[in-house]
Amino acid sequence: MKLTSKYFVSILGIGFFPFAPGTIGSIFAIFIWYVSINYFSIYFFWVLVLTFLIISTYLVNIYLEIEKKDDPSEVVIDEFIGQSIPLLIIFKLNFYEVSLAFLAFRIFDIFKIYPIDKAESIDGAAGVILDDIIAGIYALIVIILFRLFISI
């Protein structure tokens with residue numbers, strides 16, 4: 001289970017990339033979203049994200065226990081999940097929306113405005129994953145506001 005958790009939470013080793021592993025994890029989420037909408041459907045992507053969320057809660061806890069760390073940078077499955085949240089409402093490739101979703105998520109994830117900062121302080125997998133979920137929800141709100149703005 002140790003090896004399984006290591007490769008799952010680091011998304012097959014992406015988390016061990018020496019420079020900006022969280023950003024790489026976010027880009028990987030966009031890649032998986034793109035493959036999903038082009039070869040399967042947005043609903044496939046929804047199921048995938050939900051499945052990853054459920055499995056992550058269990059495997060991140062195992063990994064944290066093994067490594068004795070609070071929020072190791074190699075754990076990037078949380079970035080994958082958080083980045084996926086705004087993508088859940090983008091049904092076809094729209095460069096502006098996907099770019100905005102990426103930038104908004106990364107900004108919220110890096111600067112951790114309230115309540116992201118509070119969620120990050122929760123112990124275990126809940127804290128590791130929840131701060132990225134909130135950042136993803138904020139990025140989702142940005143996409144919704146962008147759509148409202150351009151429809152005016």
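The two atoms that bring Ala101 and Gln83 nearest to each other are O-NE2, 3.4 Å, heavy atoms only. Nearest heavy-atom pair across Gly25 and Val76 is CA-CB, 4.5 Å. Closest non-hydrogen pair, Gly124 versus Leu64, comes out as C-CD1, 3.6 Å. Closest approach of Ala29 to Ser84, counting heavy atoms only: CB-OG, 3.9 Å.
With a 4.5 Å cut-off on side-chain heavy atoms, Phe80 and Ser26 do not count as touching. A 4.5 Å side-chain heavy-atom check between Ser36 and Trp46 finds every atom pair outside the cut-off. Residues Ile134 and Pro115 are in side-chain contact: their nearest non-hydrogen atoms beyond the backbone lie under 4.5 Å apart. Looking at heavy atoms from C-beta onward, Arg147 lies in side-chain contact with Ile89 at the 4.5 angstrom threshold. The shortest side-chain heavy-atom distance between Glu74 and Lys69 falls under the 4.5 Å cut-off.
Tracing side-chain contacts under 4.5 Å through hydrophobic residues (I, L, V, M, F, W, Y), one reaches Phe17 starting from Phe28; they form part of the same cluster. No single ILVMFWY cluster, assembled from side-chain heavy atoms under 4.5 Å apart, contains both Tyr43 and Leu50. Tyr7 and Val9 are not part of a single hydrophobic cluster, where members link through side-chain heavy atoms under 4.5 Å apart. At a threshold of 4.5 Å between side-chain heavy atoms, the hydrophobic network of Ile, Leu, Val, Met, Phe, Trp and Tyr places Ile30 and Tyr39 in one connected group. In terms of hydrophobic clustering, with Ile, Leu, Val, Met, Phe, Trp and Tyr side chains grouped at heavy-atom distances under 4.5 Å, Val47 and Leu59 are assigned to different clusters.
The pair Lys6-Glu67 fails the salt-bridge criterion, with no side-chain N (NZ, NE, NH1 or NH2) lying under 4.0 Å from an Asp/Glu carboxylate O.
Under a 3.5 Å cut-off, the side chain of Ser151 and the backbone N or O of Leu148 do form a donor-acceptor pair. Under a 3.5 Å cut-off, the side chain of Trp33 and the backbone N or O of Leu88 do not form any donor-acceptor pair. A side-chain donor-acceptor contact under 3.5 Å links Lys112 to the backbone of Asp109.
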Steps toward side-chain contact (heavy atoms from CB on, under 4.5 Å) verdict (Val49, Ile85): CA-CA 8 Å; Val49 172; Ile85 292 171; 5.5 Å; no
Derivation of the side-chain contact (heavy atoms from CB on, under 4.5 Å) call for Leu87 and Ile37: CA-CA 10 Å; Leu87 298 174; Ile37 65 164; over 6 Å; no
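The number of heavy atoms from other shown groups lying within 6.0 Å of CZ (Phe91) is above 12. The environment of CZ in Phe146 is crowded: more than 12 heavy-atom neighbours from other residues, nucleotides or ligands sit within 6.0 Å.
Rounding to the nearest 0.5 Å places CD1 of Ile144 at 4.0 Å from CG of Leu140. Between Ile150 atom CD1 and Leu145 atom CG the span is 11.5 Å, to the nearest 0.5 Å. The CG atom of Asp132 sits 10.5 Å away from atom OG of Ser56, with the distance rounded to the nearest 0.5 Å. Rounding to the nearest 0.5 angstrom, the gap separating the CD1 atom in Ile129 from the CD1 atom in Ile122 is 11.5 Å. Note that CD1 of Ile24 and CD1 of Ile14 are 8.0 Å apart. Values are rounded to the nearest 0.5 Å. To the nearest 0.5 Å, the span separating CD1 on Ile143 from CD on Glu97 amounts to 5.5 Å.
Between Phe45 and Phe40, the ring centre distance reaches or exceeds 6.0 Å.
The ring-ring contact (aromatic ring centres under 6.0 Å, His included) contacts involving residues 105-140 comprise Phe108-Tyr138, where partners must be two or more places apart or lie in separate chains.
Here the rule is side-chain contact (heavy atoms from CB on, under 4.5 Å) with Val128, and of Ile77, Val60, Asp123 only Val60 fits it.
Using a 30° and 60° split on the angle between ring planes, Phe8 and Phe52 fall in the perpendicular class, above 60°.
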